[in-house]
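We're numbering straight along the sequence, starting at 1. Computed over heavy atoms, backbone and side chain alike; hydrogens, waters and symmetry mates excluded.
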Amino acid sequence: MLKEYKSIVNVSGPLLHVEGLEGVKYEELVEIRLVDGSIRNGKVLEVDGDKALVQVFEGTTGIETEKTSVRFLGRGIHMYVSPDILGKVFTGLGRPKTERDKIIPEKSIDINGAPINPYARDYPNEFIQTGISSIDGLNTLVRGQKLPIFSGSGLPHNRIAAQIARQAAVLGKKEEFAVVFVAIGITFEESQFFISDFEKSGAISRSVLILNLANDPAIERIATPRVGLTCAEYLAFELNMHVLVILTDMTNYCEALKEVSAARKEVPGRRGYPGYLYTDLATIYERAGRIKGKTGSITQIPILTMPEDDKTHPIPDLTGYITEGQIILSRSLHKKKLSPPIDVLPSLSRLKDKGIGKGKTREDHSDIFNQLYAAYARGKEVQELAVILGEAALTDMDKIYFKFAENFENEYVSQGEYENRSIEKTLDLGWKLLSIFPREELKRIRDEYLDKYLPRFKKEEPGES
């Protein structure tokens, strides 16, 4: 029988201070019974002798200190899992969203899983096709990688997330592929968009949706990504599936962390965020990867909106240190009506070389990537020069680079929201765009690949519109 305590001494924001306790543990779940008989839930944030600090998930409005009783349940937050979680929608605390989302659980897992031991990690080296050219061709996603998307408010990161969730696939493998989609602090309209989009496209059958809404308690957001990762670990390491975890928006998670830290009266760090923000983010990001001897894997795409589009803000800054690269969305490309507005020059996938090449994508992938990147970088420089000096000051070769940069943005970077490009189509598109250059300008591609691929696209040039 669990003991009930009526010893709340103070209420501070979302926190209760309870005294006279016995055997209470850190992160233990708490049941709070109000005067009217209603029950709220919380968890232990801090223990000091017979005192505990409890955070309340549903808020502390209406709690009377003398008349409210508190019961400690002796366990942390658990997620109930079984293979039936695929195709289901859960709340930020892992509860079924509707009656039809209920499952018959096989086991219960504590959501506070440990990061993967570095010694047990297997190196990421297999290509994941997202169907988006500017990711697959230039910032390749590799199985087991953590590759965040840095966005800004008003940019279409949620639509890109939904597109990746619909289209992502591991090529040449018969192993099962699943998506765990974790939405943190989103609006009701956004949640409806994700649910209907997944249902319409059929992606829901291989997906688990964890949705924490903006009007849910901020405290709940701290548990939400961990609930999603617990589902992913179960699917990957117990059911041997390849799992892609999409976390959007990590900025809302960090704001919730900041709110709780302020309520606890902790000394703030940069811009008011807690000093342990780096450590806390690492406990989430480092739960991705591959484990030696296991077939399954977890690949992570965290999405975060940079306040004021500032890359030096603590959230993108610390995320960049922990993860293996970043994909950056550009406001200037978005204003040009290009979608997805991925800015390929500052974007980077540190593991791309491990997932491309013969037997993975295609033999010419590395060379074509280097040439496209170099040509686009020079094309952007020429465009800036033309703004200052006028197009009349450009050489004939400059004009070709100018034209290439325009074509690259309009044909390669920009693509339809429901356009799923294979890696072969993406690489062929790269050759088509490069075919406007004389062969001697393509210095970054080996002669053997120029001989094999270039003639095919040079023939098309006269007929192009």
Ion pair check, E31 and R71, cut-off under 4.0 Å: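 Salt bridge: yes.
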Assess whether a salt bridge exists between K6 and E66, defined as any Lys/Arg side-chain N lying under 4.0 Å from an Asp/Glu carboxylate O.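 No salt bridge links K6 with E66.
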Which pairs with one or both residues in residues 101-136 pass ring pair (Phe, Tyr, Trp, His ring centres under 6.0 Å), sequence neighbours excluded?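 Every candidate ring pair (Phe, Tyr, Trp, His ring centres under 6.0 Å) pair involving residues 101-136 fails, so no pair, neighbours aside, qualifies.
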Pairs flagged by ring pair (Phe, Tyr, Trp, His ring centres under 6.0 Å) wherever residues 305-352 is involved - sequence neighbours left out: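 The answer is Y273-H313.
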For [X], which residues count as a side chain to side chain contact (heavy atoms under 4.5 Å, CB included) partner, sequence neighbours excluded?
{"X": "S261", "value": "E266, P274, Y276"}
{"X": "A165", "value": "V179, F181, F198, I246"}
{"X": "S108", "value": "H78, Y80"}
{"X": "L338", "value": "L333, K336, E409, N410, S414"}

Taking atom types as modelled and ignoring hydrogens, do the side chains of [X] and [Y] form a donor-acceptor contact shorter than 3.5 angstrom?
{"X": "R421", "Y": "T426", "result": "no"}
{"X": "S69", "Y": "E4", "result": "yes"}
{"X": "N158", "Y": "T248", "result": "yes"}
{"X": "T283", "Y": "R226", "result": "yes"}
{"X": "E27", "Y": "N112", "result": "yes"}

Would you find more than 12 non-hydrogen atoms of other residues, nucleotides or ligands less than 6.0 Å from K354 atom NZ?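 Counting other residues, nucleotides and ligands, NZ of K354 stays at 12 neighbours or fewer.
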Just wondering, are more than 12 heavy atoms of other shown residues or ligands nearer than 6.0 Å to CD1 in I104?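 Check fails, neighbour count at 12 or below.
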Taking only residues two or more places apart in sequence or in another chain, which ones pass side chain to side chain donor-acceptor pair (under 3.5 Å) with [X]?
{"X": "T319", "value": "Y285"}
{"X": "D136", "value": "T130"}
{"X": "E28", "value": "none"}
{"X": "N252", "value": "none"}

Name all pairs fulfilling the salt bridge (charged side-chain N to carboxylate O under 4.0 Å, His left out) condition that reach into residues 286-306, sequence neighbours left out, sorted by first residue then second.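 Of all non-adjacent pairs touching residues 286-306, those that pass salt bridge (charged side-chain N to carboxylate O under 4.0 Å, His left out) are R121-E286, E126-R290, K146-E286, E233-R287.
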If you define the side chain from C-beta out and look only at heavy atoms, does anything of [X] sit under 4.5 Å from [Y]?
{"X": "L29", "Y": "F57", "result": "yes"}
{"X": "V44", "Y": "V30", "result": "yes"}
{"X": "M250", "Y": "L281", "result": "yes"}
{"X": "I298", "Y": "V245", "result": "yes"}
{"X": "F90", "Y": "V227", "result": "no"}
{"X": "D197", "Y": "E199", "result": "no"}
{"X": "V142", "Y": "I128", "result": "no"}
{"X": "F188", "Y": "S191", "result": "yes"}

Would I116 and F237 satisfy side-chain contact (heavy atoms from CB on, under 4.5 Å), going step by step from the backbone distance to the final call? CA-CA 11 Å; I116 297 173; F237 304 128; 4.2 Å; yes
Carefully, step by step, assess N10 and S12 under the rule side-chain hydrogen bond (donor to acceptor under 3.5 Å, both in side chains). CA-CA 7 Å; N10 188 21; S12 169; 5.4 Å; no
Distance (rounded to the nearest 0.5 Å) between N117 CG and I291 CD1: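 Reported to 0.5 Å precision, the distance equals 9.0 Å.
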CG/L235 to CG/L244 distance, rounded to the nearest 0.5 angstrom?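 Here the rounded value is 12.0 Å.
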Show the numbers, then the answer: is there a side-chain hydrogen bond (donor to acceptor under 3.5 Å, both in side chains) between S201 and R166? CA-CA 7 Å; S201 65; R166 279 195 306 271; 4.9 Å; no
Would you mind listing every side-chain hydrogen bond (donor to acceptor under 3.5 Å, both in side chains) that reaches into residues 213-222, with sequence neighbours excluded?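 Qualifying pairs: N212-E220, N212-R221.
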